[in-house]
Amino acid sequence: MNATPPPEAHERPARLTVGVVGAGRVGPALAASLRLAGHRPVAVSGVSDASVRRAAELLPDVPLVTPAEVLARAELVLLTVPDDALADLVRGLAETGAVRPGQLLVHTSGRYGTAVLDPATRAGALPLALHPAMTFTGTSVDVQRLAGCSFGVTAPEELRMAAEALVIEMGGEPEWIAESARPLYHAALAIGANHLVTLVAQAMELLGEAGVTAPDRMLGPLLGAALDNALRSGDAALTGPVARGDAGTVAAHIAELRRHAPQSVAGYLAMARTTADRALAHGLLKPELAEDLLGVLAGHTDPDDGGPTGGDR
């Protein structure tokens, strides 16, 4: 549920014509959400067959045109292209005179603040960085999932109210991020979301190797509870053999992974070392148990040397 009340009438941006440059998974969903708030999508650009299909599904009857034509038709333009393509796109649009004074230019990159829009700002555009902290499917379900989604917002102070109002109109929750903090902000989200997908997929593969017929069903309740506990309690939610200091169990894990899934060993060791450091720093891992555990993780202990095992869960 969106806890932020809708903006007062004098705080709401005027109803705007909306264009999308880059019909990936994000842009059409945001434009469809803005349409529900009363804005009017008028143009979208996309190249791939998937982009064309997404635009047709989420923005029916909105014409597919060139990026320059999108800017010519729209008062609010969403630049929803990959991070590495954004700077060149903005520079090209500014150099070709496509940018109009007073035009709201919004990018959705987590990595960048508004500085990446400087060429367009010098041409008179009003720069906003609105990054939805959500994974997108490229389907209509994304529009509903925006309800309560946090957006990382960066904008000049004079545009802050307009930026936050747009986010609220899309059902989101604005979270102000300083220009200098954008790379760190984005790194934090990548660690949480992107690496989580890798860990879950890897865990499902290993369960399959172990003979589990429905890894997703087994992991669902466990991971759901772990995520909820972590969000509520942070490091206090740590459990398992690393946090307990069960060096023998960890050594057995490493041995099995080397035997059955050697590609998983490096990731296991890296995460186990980080978990041990955090558990030790927060008083969860007893110092007298940490030495043996860290020795195993550094490769100094043979898994069959009779080290400590077991422990209460």
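Remark: the backbone N or O of Ala270 is paired with a side-chain donor or acceptor of Thr274 at under 3.5 angstrom. Side-chain atoms of Gln103 do not come within 3.5 Å of backbone N or O of Val77 as any donor-acceptor pair. With hydrogens and angles disregarded, no donor-acceptor distance shorter than 3.5 Å links the side chain of His107 to the backbone of Leu79. In this structure, the side chain of Thr80 engages the main chain of Gly22 through a donor-acceptor pair within 3.5 Å.
A continuous path of Ile, Leu, Val, Met, Phe, Trp and Tyr side chains, each step under 4.5 Å between heavy atoms, connects Val62 with Val26, placing both in one hydrophobic cluster. Hydrophobic clustering, with ILVMFWY side chains joined whenever heavy atoms are under 4.5 angstrom apart, keeps Leu238 apart from Met271.
For the atom pair Met170 CE and Leu36 CG, the distance stands at 11.5 Å (nearest 0.5 Å). A distance of 5.0 Å separates CG of Leu126 from CG of Leu104, quoted to the nearest 0.5 Å. For the atom pair OG (Ser33) and NE2 (His39), the distance works out to 9.5 Å, reported to the nearest 0.5 Å. Between Leu128 atom CG and Leu105 atom CG the span is 8.5 Å, to the nearest 0.5 Å.
Crowding of Arg35 atom CZ: a count of heavy atoms from other residues, nucleotides or ligands under 6.0 Å exceeding 12.
Side-chain atoms of Glu173 and Ser150 include no donor-acceptor pair closer than 3.5 Å. No donor-acceptor contact under 3.5 angstrom links the side chains of Thr139 and Glu57, judged on distance only.
No side-chain heavy atom of Pro41 sits less than 4.5 Å from a side-chain heavy atom of Val20.
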